[in-house]
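Accompanying notes for the structure given below.
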Amino acid sequence: MHDLRAIRDNPQAFDDNWARRGLSAQTPAILALDEERRAVQTDMQELQQQRNEKSKQIGQIKSQGGDAQAIMNEVSGIKEKLADREERERILAEELNAVLSALPNLLADDVPDGPDESANVEIRRNGEPPRPNAALQHFEIGEKLGMMDFETAAKLSGARFVLMHSGLARLERALAQFMLDTHTGEHGYTEVSPPLLVRDDAMYGTGQLPKFTEDLFQTTRGDWLIPTAEVSLTNIVADRILDTEELPLRFTAWTPCFRSEAGSAGKDTRGIIRQHQFYKVEMVCIVAPDKSNEEHERMTDCAENILKKLGLAFRTITLCSGDTGFCARKTYDIEVWLPGQNAYREISSCSNCWDFQARRMKARFRPKGTKETQFLHTLNGSGVAVGRALVAVLENYHDPSDGGVFVPDVLKPYMGGIEKLLPASGA
RNA sequence: GGAGAGAUGGCAGAGUGGUUGAAUGCACUGGUCUUGAAAACCAGCAAGGAUGCAAGUCCUUCCAGGGUUCGAAUCCCUGUCUCUCCGCCA
């Protein structure tokens, strides 16, 4: 959501910024609507004032035992006109809101311009990408281990689901546990176990609604399945006015995520890279406006630290204007090296949403010593996607000599003594 | 699923048709006092919006949406949520 007064003050800045995302000039229509609405509103308020004043007079006259019939009739007349203005005002406000809530966040100045992912800019690399001669893809490794079963999953649920068992199921859980423990123990995050089903309001607050319904699953009673724990975690502060001392808030959660993947037909159809359901450890930070840039870097470090500890090579990129998401002002993607694909693939996305989501969900705070409230800044990042981390571990720790997979050192404490997954081991 | 109670400002909690945007307490802000602090005392303190150079004026909001009325936090209807008791249940 956008600050209407800021748009009034400097419409060109908004149009220029939106142009970087490929949008045509939006402010003329917005300003026209806004102007009309304010005119109607002023009119409406004047009538309301008259009604209020006269009603008070009636009260005074009646309390003195007088006859107020004449004024009462007068107010009845005002009410008819008023109803018309109120209706028009309501419609205009709704239209304005519809336009504003469908427009993406402004981009930070240092976001590189470009039409799509080809223009993203790499900012650093970590680790040496292993490039074995005949690297297998994760699903080949998983199936040879006999622990990754797409057929059964398809029988149960259709395409884009997987069933894993034995050591592989445990390895997935170990990854999640390790990530949570690291974020809570070393990075200062508070672990949260949130609802996975949320209302419209929550989805609106974090920007999934009203524009992106086709990406979501909805229950028969109208709740939405979260596509990321960002929704649950960020909306914790919806409709609240926080004290400065409460900030920053740092939440982490390990949850399933549900995505319809409409429009991604044909993409990543094999394996578990793109599923309707996957686990992700999410990080969400709620901070004062002057702290969000710094927090964005910190959060990205936290995600990178997970990959470093897992011994996985990765690179970090800044998304360009055309690739940056709806809510984000700036986004870093972290891409992990996958030998089986001979490529870096996204495993985390860390975004600074500035006050964009906070405005939508009315999340504010009161800076110490002031009376005014201000919108908070919200940030979210994967820390990291568990399914894709599993892919990375399989491909990077694969032992071609026996088809096994070594357990990374940091996961060993979670594996109950298993140091290597082996085919048909039943481990 | 059955029966009942409730939803008020940052928090707690009064308020059942007419200067109630809302008592009181806590928290918070400023001041007095104090070497400093605490305590005590005094004062201020809801949010959002329109209008105005400004001071200010005005409007809306007491869960949400309808309705009754000249006038609604207060009455009526619907919905949502919370709590209590009973039943069922991971």
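Protein chains get the first letters and strands the later ones, always in sequence-line order, with residue 1 at the start of each.
C81(B) and G17(B) are spaced 27 Å apart, taking the C1' atom of each and rounding to whole Å. U32(B) and U16(B) are spaced 41 Å apart, taking the P atom of each and rounding to whole Å. Nucleotides G4(B) and C89(B) have their C1' atoms positioned 22 Å apart, rounded to a whole Å. Comparing the P positions of A12(B) and U69(B) gives an interatomic distance of 37 Å, to the nearest angstrom. A39(B) and A47(B) are spaced 25 Å apart, taking the P atom of each and rounding to whole Å. For the C1' atom pair drawn from G52(B) and C58(B), the interatomic distance equals 11 Å after rounding to whole Å. The C1' atoms of U29(B) and A46(B) are separated by 15 Å, rounded to the nearest whole Å. Comparing the P positions of A37(B) and U51(B) gives a spacing of 45 Å, expressed to the nearest Å.
R8(A) comes within 4.0 angstrom of sugar-phosphate atoms only, judged by non-hydrogen atoms across all strands, and of no base.
The pair D223(A)-R221(A) meets the salt-bridge criterion, with a side-chain N (NZ, NE, NH1 or NH2) lying under 4.0 Å from an Asp/Glu carboxylate O.
In this structure, the CD1 atom of I241(A) is 14 Å from the C1' atom of A27(B), given to the nearest Å. Atom-to-atom, CG of L4(A) to P of G49(B) comes out at 10 Å; the value is rounded to the nearest Å. We find that CG of D243(A) is positioned 8 Å from C1' of C28(B), with the value rounded to whole Å. Computed from coordinates, the M1(A) CE to G48(B) P distance equals 16 Å when rounded to whole Å. In this entry the distance linking CG of D200(A) with P of U80(B) reads 13 Å, nearest Å. In this structure, the NZ atom of K362(A) is 18 Å from the C1' atom of G10(B), given to the nearest Å. Atom pair Q374(A):CD and G10(B):C1' shows a separation of 17 Å (rounding to whole Å applied).
Taking the six-membered ring where the residue is Trp, the centroids of F217(A) and H276(A) are separated by under 6.0 Å.
Within the 4.0 Å cut-off from OP1 or OP2 of A46(B), not a single side-chain nitrogen or oxygen of R366(A) is found. Within the 4.0 Å cut-off from OP1 or OP2 of G10(B), not a single side-chain nitrogen or oxygen of R364(A) is found.
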Margin query: Each nucleotide in nucleotides 52-71 of chain B should get exactly one letter: B, S or -. Can you fill that in based on protein heavy atoms under 4.0 Å?
Written below: ------SBS---------BS
Notebook entry, point to check: Stepwise, does the ring pair (Phe, Tyr, Trp, His ring centres under 6.0 Å) test hold for F326(A) with F356(A)?
Noted result: CA-CA 10 Å; F326(A) 182 77; F356(A) 187 78; 5.6 Å; yes
Next item on the list: Determine, stepwise, if the pair W18(A) / H2(A) fulfils ring pair (Phe, Tyr, Trp, His ring centres under 6.0 Å).
Entry: CA-CA 12 Å; W18(A) 281 324; H2(A) 297 280; 5.0 Å; yes
Checklist line | side-chain contact (heavy atoms from CB on, under 4.5 Å) assessment of Y332(A) paired with L319(A) | finding: CA-CA 6 Å; Y332(A) 294 126; L319(A) 296 191; over 6 Å; no
Next item on the list: Determine, stepwise, if the pair F251(A) / Y189(A) fulfils ring pair (Phe, Tyr, Trp, His ring centres under 6.0 Å).
Entry: CA-CA 5 Å; F251(A) 300 120; Y189(A) 284 76; 8.9 Å; no
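No side-chain heavy atom of D333(A) sits under 4.5 Å from any side-chain heavy atom of T316(A).
In terms of heavy-atom proximity, I347(A) sits nearest to V384(A) at O-CB, 3.5 Å.
Pair assignment for U19(B): none, as no Watson-Crick or G-U wobble contacts are both less than 3.5 Å. When both distances must be under 3.5 Å, the Watson-Crick or G-U wobble mate of C63(B) is G79(B). Both distances falling under 3.5 Å, in either a Watson-Crick or a G-U wobble arrangement, occur for no nucleotide opposite A73(B). Partner assigned to C58(B) is G49(B), using Watson-Crick or G-U wobble distances below 3.5 angstrom. As the counterpart of G36(B), no nucleotide is assigned, since no Watson-Crick or G-U wobble pattern has both distances under 3.5 Å. If you check G1(B) for Watson-Crick or wobble pairing at under 3.5 angstrom, you find it paired to C86(B). With both pairing distances under 3.5 Å, C26(B) is matched to G10(B) as a Watson-Crick or G-U wobble pair.
Within residues 31-38 of chain A, the residues having any heavy atom under 4.0 Å from RNA chain B are, by residue number, R38(A).
By the 6.0 Å contact criterion, CD on E117(A) is open, its count of non-hydrogen atoms from other residues, nucleotides or ligands being 12 or less.
Applying the side-chain contact (heavy atoms from CB on, under 4.5 Å) rule to S232(A) yields the partners P194(A), V198(A), I226(A); only residues at least two apart in sequence or on another chain are considered.
Cation-pi geometry between R360(A) and Y204(A) is satisfied (NZ or CZ under 6.0 Å from the ring centre, within 45° of the ring normal).
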